[in-house]
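I have placed the structure first, in the form of structure tokens, so that the comments after it can refer back to it.
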Protein chains: 4
Amino acid sequence: MPKIVNHEERREEVVAAARRIILRDGIEAATTRAIAKEAGYSNGVLTHYFADKDEILLSALEASHRRIADRLREKLSGLTGLAALRELLLDNVPLDGERAGETGLEVGFWGRSLTSPALLEVQRREAAELRYVVTSLLRSAAEAGEIRTDEDPEDVAERLLALVDGLSVHRLLYPANVTADRLERLLLREIDRLRDG
Amino acid sequence: MPKIVNHEERREEVVAAARRIILRDGIEAATTRAIAKEAGYSNGVLTHYFADKDEILLSALEASHRRIADRLREKLSGLTGLAALRELLLDNVPLDGERAGETGLEVGFWGRSLTSPALLEVQRREAAELRYVVTSLLRSAAEAGEIRTDEDPEDVAERLLALVDGLSVHRLLYPANVTADRLERLLLREIDRLRDG
Amino acid sequence: MPKIVNHEERREEVVAAARRIILRDGIEAATTRAIAKEAGYSNGVLTHYFADKDEILLSALEASHRRIADRLREKLSGLTGLAALRELLLDNVPLDGERAGETGLEVGFWGRSLTSPALLEVQRREAAELRYVVTSLLRSAAEAGEIRTDEDPEDVAERLLALVDGLSVHRLLYPANVTADRLERLLLREIDRLRDG
Amino acid sequence: MPKIVNHEERREEVVAAARRIILRDGIEAATTRAIAKEAGYSNGVLTHYFADKDEILLSALEASHRRIADRLREKLSGLTGLAALRELLLDNVPLDGERAGETGLEVGFWGRSLTSPALLEVQRREAAELRYVVTSLLRSAAEAGEIRTDEDPEDVAERLLALVDGLSVHRLLYPANVTADRLERLLLREIDRLRDG
DNA sequence: CATGAATGAGTGTTCATTCAT
DNA sequence: TATGAATGAACACTCATTCAT
């Protein structure tokens, strides 16, 4: 008589373990053994919940995106327009250890996505969502008169998100040059420029 | 007399093979065996020209940087200030297949650098150089009255280079959203904003 | 429930396989693949039971020492002084096939120990123990009036153990010259000389 | 038109290089590349003078024996009987760095000889010679009344040579226990015992 | 003869995956 | 379901050997 387990729950446990390892030790350290051990299970369990290792990594990426989105939703509650945008962008940049880990995970996946259609698809889906939110916030900020309106919101969104990713990877690779303070300052100034120029 | 080969030439052959693999199949696929095979040699040859695999990857990264620098030097000859800056930034962004390849390789190395001190060191050295050149061009453009002077050149340089890297990776990951045209337009507009705010 | 194996048992299987190979083909032939095959397993099994090859070799050496010690303990029970010493020394010399194997393994390890600190340490520990036992037996034999007392027991112990090792290696390398009978005779005579000079 | 070289001379150069490496870094470090480099030649030369690596090692062993024999012949000139024997035995024991190296080489070869008929044959030939010399010296010492005659010279020779080898290997493996002084003292005492003991 | 480029089997080790229990 | 034993291909690297020049 088989034990009744909650499949989705187990998957999440394993994926969380994978995320922890990737954040802590890098994507190379995320072997199936390490993941199983981190999750508190034996090697063999993984087979029951994932077709192969790639599926675990993919789920880890999705989970990471979901965590970010959840956190954001909470922070953004009650905020609108420019204030919400500011919060969103600041939350997408490695200003503390937790977000630095998330950025590291993201950057590690960028390289893999270039040669993995499945990963790429996940990245694209999430990126499109984020872009949509930013564009919407820009539009509502424009309607509220908080920012200038002489530029296409889609262009501004792309510029902001590119800057966020660029600054993020620079913070990881060149921390001496891009300190947390400087990163925050540069990002906030860019947001200010939406208003007056 | 034995067959005399040009060591530097062989190294470049091997490094080129490594670059091809990284671009085509990702940095994970760049095993010593795969590199040797791609270069048309047996496993053992690599020993003659490289101490270990890391040296090959490092050389591949350095070669990529050197190619970019060489090309840039040529393009920049005769240009100064803002015009030179514009050329430099446009050249650091994946607008054609060749530069897309270089960016892809770079992104692949970003992930690796997060867990490899040797690679990180190379990345940092090259990044510092680039930052220095951009800052210098900004200063001379400011002196020539081509751009506003109300912002610290170092901050502007960091913003521009972050934007370049952010747009580059977006171009690779989301080509449908960031077309070559759009990428060029966004970058040029950002440069224009240096002038009139 | 998976197949449960006794880890200690498996380790012993593998170590026994390693010992067989070393005895049969020399320590150089004891590759991880050869050991696994000799044990009847695939390459990968070794990881489950040993951290690395050194641990296997080390265990093989320790196992050999333990076997000798166990056998000796049994033989020595009830014996004291000179009689015990005689038994001990005779047991440390390749008089039959089993002990010849042990000596061969030991000699193989001598060479390795010269360049391997870990192996050397094991050799030293075991040698010190043996030296201590021999010295103790010499002292009690002296107290019992069984042997002369004009020589430092430590010196006598070293001489006896050096002779044991020298005769052992000669028995292996020059069996035509050092037959089992001759080896036994020479060793017993040396023990007799402890009594009457 | 081929260069005329002295084959025997080249062989000796290479063998000397091999010996230097084995003495300095152990028998495992004696790769063909290392030997060729130490000899000041390229990899390829070895083929002209040796069938394979085993032949080099064999020659190195023979050369080592020859060197010992040569040195001994010189030291023994003018000496006879017990004095000559004393000199011979002291010279076969690792009392200084040079002889320690030779002993290390010898011990390294012992292990290999157990599974290599060719090496074993060389060891046996040389051992028989040494045994013959020692026996002869014992006989002449006996005739000269320098030592007792109640023991078979062949047995005494075997005992002395076994002691020499045993003390030698103990000096290498347990230098803290068997110091050079102690080794010399133990050996000289054993020789003294030939007279009155 | 001498060179050194090139080979390819072999080394210890890692790891995703399979599967009997 | 869960276990963990077992597999075997793959990894980076080493090295004796071959051979065109």
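Letters go in sequence order (proteins before strands), and every chain restarts at 1. Computed from heavy atoms alone, side chains included, the values below leave out hydrogens, waters and symmetry copies. This is a predicted model, so every value here is computed, not measured.
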Item to check | Close residues, residues 42-61 of chain A, relative to DNA chain E [heavy-atom separation under 4.0 Å] | outcome: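 Residues of residues 42-61 of chain A that come under 4.0 Å of DNA chain E are, in numerical order, A/Thr47, A/Asp52, A/Lys53.
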Checklist entry - Between residues 19-34 of chain A and DNA chain E, which residues have a heavy-atom gap below 4.0 Å? => result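 Within residues 19-34 of chain A, the residues near DNA chain E are A/Thr31, A/Thr32, A/Arg33.
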Please find the pair of heavy atoms, one from [X] and one from [Y], that lie closest to each other, and give the distance.
{"X": "C/Ala29", "Y": "C/Ala34", "value": "O-CB, 3.6 Å"}
{"X": "D/Ile56", "Y": "D/Ala18", "value": "CG2-CB, 3.9 Å"}
{"X": "D/Ala39", "Y": "D/Val14", "value": "CB-CA, 4.2 Å"}

Taking [atom1] from [X] and [atom2] from [N], how many angstroms apart are they, rounded to a whole number?
{"X": "D/Ile35", "N": "F/dT14", "atom1": "CD1", "atom2": "P", "result": "18 Å"}
{"X": "B/Lys37", "N": "F/dC11", "atom1": "NZ", "atom2": "P", "result": "11 Å"}
{"X": "C/Glu13", "N": "F/dA6", "atom1": "CD", "atom2": "P", "result": "8 Å"}

Item to check | Listed once per pair and sorted, the side-chain hydrogen bond (donor to acceptor under 3.5 Å, both in side chains) pairs that draw on residues 43-57 of chain C, sequence neighbours left out | outcome: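 Residue pairs passing side-chain hydrogen bond (donor to acceptor under 3.5 Å, both in side chains), neighbours aside: C/Arg11-C/Glu55.
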For [X], enumerate each residue passing the side chain to side chain contact (heavy atoms under 4.5 Å, CB included) test, keeping only those at least two apart in sequence or located in another chain.
{"X": "C/Glu121", "result": "C/Arg125"}
{"X": "A/Ser42", "result": "A/Val45"}
{"X": "C/Leu58", "result": "C/Glu62, C/Ala118, C/Leu119, C/Val122"}

Item to check | Residue pairs fulfilling salt bridge (charged side-chain N to carboxylate O under 4.0 Å, His left out) with at least one residue in residues 13-23 of chain B, sequence neighbours excluded | outcome: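 Passing the test, one end in residues 13-23 of chain B: B/Arg10-B/Glu13, B/Arg20-B/Glu38.
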Checklist entry - What salt bridge (charged side-chain N to carboxylate O under 4.0 Å, His left out) pairs are there with at least one residue in residues 39-51 of chain B, not counting sequence neighbours? => result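 Sorted result for residues 39-51 of chain B: empty, none.
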Next on the checklist: As an exercise, state the distance from CG of D/Leu120 to CG of C/Leu173, rounded to the nearest 0.5 Å.
Outcome noted: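 Answer for the CG-CG pair, D/Leu120 versus C/Leu173, is 6.0 Å.
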Item to check | Inter-residue atom distance D/Ile27.CD1 - D/Asp25.CG, 0.5 Å rounding | outcome: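 The CD1 atom of D/Ile27 sits 12.5 Å away from the CG atom of D/Asp25.
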Next on the checklist: Requiring both pairing distances under 3.5 angstrom, list the stems that contain DNA chain F and are made of three or more consecutive Watson-Crick or G-U pairs.
Outcome noted: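 Stems for DNA chain F, defined as runs of 3 or more consecutive pairs: E:2-21 with F:2-21.
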Item to check | DNA chain F contacts made by residues 104-116 of chain A, counting heavy atoms under 4.0 Å | outcome: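 Heavy-atom contacts with DNA chain F come from no residue of residues 104-116 of chain A; none.
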Donor-acceptor pairs are to be reported for all side-chain atoms of residues 100-109 of chain C against protein atoms at under 3.5 Å, with residues two or more places apart or in another chain.
{"unit_1": "C/Glu102", "atom_1": "OE1", "unit_2": "C/Arg71", "atom_2": "NH1", "d": "3.4"}
{"unit_1": "C/Glu102", "atom_1": "OE1", "unit_2": "C/Arg71", "atom_2": "NH2", "d": "3.2"}
{"unit_1": "C/Glu102", "atom_1": "OE2", "unit_2": "C/Arg71", "atom_2": "NH1", "d": "3.1"}
{"unit_1": "C/Thr103", "atom_1": "OG1", "unit_2": "C/Arg99", "atom_2": "O", "d": "2.9"}
{"unit_1": "C/Glu106", "atom_1": "OE2", "unit_2": "C/His65", "atom_2": "NE2", "d": "2.7"}

Item to check | Any B/His7 side-chain nitrogen or oxygen under 4.0 Å from OP1 or OP2 of E/dA5 | outcome: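 Result: yes.
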Item to check | Contacts of type side chain to side chain donor-acceptor pair (under 3.5 Å), residue B/Ser113, not counting sequence neighbours | outcome: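 Checked B/Ser113 against side chain to side chain donor-acceptor pair (under 3.5 Å); matches are B/Gln123.
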